[in-house]
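For reference, the structure is listed below as C-alpha cells.
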Amino acid sequence: MNRAATVLLTALAPVSWGTTYAVTTEFLPADRPLFTGLMRALPAGLVLLALARVLPRGIWWGKAAVLGALNIGAFFPLLFLSAYRLPGGMAAVVGSVGPLFVVGLSAVLLGQRPTTRSVLTGVVAAFGVSLVVLKAAGALDVVGVLAALASAASMSMGTVLTKRWGRPDGVGPLALTAWQLTAGGLLIAPLAFLVEGAPPALDGPAIGGYLYLALANTAVAYWLWFRGIGRLTATQVTFLGPLSPLTAAVVGWAALGQALTPVQLVGMGLAFGATVFGQLRQRPATAPATPIRSFSFAEKNARKDSMDVTGPALRR
C-alpha cells in the first residue's frame with residue numbers, strides 16, 4: 001500500500017505538468033518561453049528553500065548545481081525551444097523517448113541491466129503518445145528535433161543521477177528540490193534577459209497563471225517527483241512521464257474544446273497501459289530450493305566419525 005501511494009503521488013507531477021500548455025496559452029504573455037521558465041523555477045526554488053532552511057554542504061554544492069542544470073536549467077529552455085520550432089505535438093513525441101534514455105543510462109550508471117520488457121514498454125509508450133499528439137504538418141525543423149532530444153536526454157540524465165547520488169544524511173526531498181529549482185532558475189535568468197529582454201507587463205490572469213506554475217506546477221510537482229525518485233526505481237519514475245501529454249490532451253478536450261479522434265483514444269489507451277505496466281515489479285528469478293535430507297542415526301554417527309578423522313588432517 002505504501003508503494004502504491006508513492007506511485008500515485010509521484011504521478012501527480014507529470015499530471016500537473018500536462019496542464020502547462022493550457023495555462024501558458026490561455027493566461028500568459030505570448031512568446032516569452034524563457035521568462036516563463038524563469039518564473040516557474042526561481043520563485044518556487046526560493047519558497048522551498050525558505051521552508052527547508054537547509055543549504056548544500058561540501059561536494060553537494062556542485063552536485064546540486066549539476067542536477068539543477070540537467071533537470072531545470074537546461075531542460076526548460078530546450079523544451080520550450082523544441083515546442084516553438086516543431087509542428088503539432090512533435091516535441092512531445094520526440095520527448096517521449098525519455099524512458100528509453102533512462103533505461104540505457106540506468107544500465108551505465110546504476111548497474112541495472114536493460115530488460116526486453118522495459119524496452120518494449122518504452123516503445124509502446126512512445127507510440128501511444130505519438131498517436132495522441134502527432135498531427136500532419138510541414139517539414140521537421142532539425143534544430144527543434146535536436147532540442148527535443150536534448151531536453152529528454154537532460155531530464156533523463158538528471159533523473160538517473162538523482163537516483164545514483166541520493167541525498168545527504170539528514171536532508172529530505174524538500175531541500176533537494178529547493179536546491180535544484182534555485183540553481184536551475186539562476187541559470188535561466190541571464191539567458192532569459194539576454195534573449196527576451198525586460199520582463200513583460202503582467203495583468204491579473206498572467207499573475208495568477210505564474211503563481212499556479214510556480215507553486216502547484218513546479219514547487220509541489222517537483223517535490224513529489226524527486227520524492228518518488230528516492231523511493232522508486234528510476235525506470236518506474238520515468239514511465240510516469242507519458243501522463244503529461246495524456247493530461248494535456250484531456251485538458252484540451254475538456255477545457256479548450258479540442259476534439260479527440262478514435263486514433264487518439266487508442267493512443268491514450270496504449271500510453272496509459274504502458275505507464276501502468278511500467279510500475280509493475282519484475283519478479284527476480286530464484287534458484288530451485290535444495291531439498292533437505294534427513295539422516296538416520298547410523299548415518300549421523302558415520303558422519304561424526306568422518307569429521308573426527310579428517311579434522312586433524314585439515315588442521316595440519
Side-chain angles (χ1 to χ4, degrees), residues 3 6-7 10-11 13-14 17 56-79 94-126 146-184 187 221-244 274-275 277-285:
R3 180 176 173 275
T6 298
V7 171
T10 307
W17 299 334
R57 293 182 179 180
I59 195 174
W60 269 98
W61 282 103
K63 288 184 176 181
V66 171
L67 294 178
L70 291 171
N71 289 320
I72 308 297
F75 174 68
F76 279 3
L78 289 169
L79 180 66
V94 179
S96 66
V97 302
L100 297 177
F101 284 159
V102 169
V103 170
L105 291 170
S106 295
V108 176
L109 299 176
L110 302 179
Q112 298 175 358
R113 190 172 64 178
T115 64
T116 303
R117 166 181 158 173
S118 60
V119 173
L120 289 178
T121 303
V123 172
V124 171
L146 293 177
L149 287 173
S151 69
S154 179
M155 186 67 167
S156 299
M157 177 63 80
T159 298
V160 175
L161 283 181
T162 301
K163 185 66 179 179
R164 178 182 174 87
W165 288 340
R167 300 191 302 268
D169 293 337
V171 173
L174 187 70
L176 183 63
T177 306
W179 299 348
Q180 296 187 54
L181 289 174
T182 303
L187 288 173
Y222 271 93
W223 169 67
L224 291 173
W225 185 255
F226 294 129
R227 174 182 178 272
I229 292 175
R231 303 187 180 194
L232 304 171
T233 67
T235 304
Q236 287 175 321
V237 172
T238 195
F239 273 124
L240 296 172
L243 292 176
S244 181
T275 297
F277 191 69
Q279 306 311 308
L280 302 179
R281 284 179 173 173
Q282 300 187 51
R283 294 183 178 179

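Fair warning: this is a prediction, and the values are worked out from it, not measured in the lab.
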Measure up the Y222 and F76 rings against each other and bin them: parallel (under 30°), tilted (30 to 60°), perpendicular (over 60°). perpendicular
Please work out which of the three classes, parallel, tilted or perpendicular, describes the rings of W60 and W179, given edges at 30° and 60°. tilted
Is the closest side-chain heavy-atom distance between [X] and [Y] below 4.5 Å?
| X | Y | result |
| --- | --- | --- |
| M157 | L109 | yes |
| V66 | W165 | yes |
| N71 | F226 | yes |
| R227 | L176 | no |
| W225 | P173 | no |
| Q180 | T162 | yes |

[X] versus [Y], closest heavy-atom pair with distance:
| X | Y | answer |
| --- | --- | --- |
| L187 | A69 | CD1-CB, 3.5 Å |
| A183 | G68 | CB-CA, 4.3 Å |
| A11 | L243 | CB-CD1, 3.7 Å |
| V124 | A274 | CG1-CB, 4.2 Å |
| V171 | A175 | CG1-CB, 3.7 Å |
| A13 | A221 | CB-O, 3.2 Å |

Got a donor-acceptor contact below 3.5 angstrom from the [X] side chain to the [Y] backbone?
| X | Y | value |
| --- | --- | --- |
| K163 | L232 | yes |
| S151 | F75 | no |
| T10 | T6 | yes |
| S156 | A152 | yes |
| S154 | A150 | no |
| T275 | F239 | yes |

CA sep, side-chain torsions, deciding dist, call: L280, R117, side chain to side chain contact (heavy atoms under 4.5 Å, CB included): CA-CA 11 Å; L280 302 179; R117 166 181 158 173; 3.2 Å; yes
Can you measure from [atom1] ([X]) to [atom2] ([Y]) and round to the nearest 0.5 angstrom?
| X | Y | atom1 | atom2 | value |
| --- | --- | --- | --- | --- |
| I72 | M155 | CD1 | CE | 6.5 Å |
| L105 | Q112 | CG | CD | 11.0 Å |
| Q279 | T235 | CD | OG1 | 10.0 Å |
| T121 | L100 | OG1 | CG | 9.5 Å |

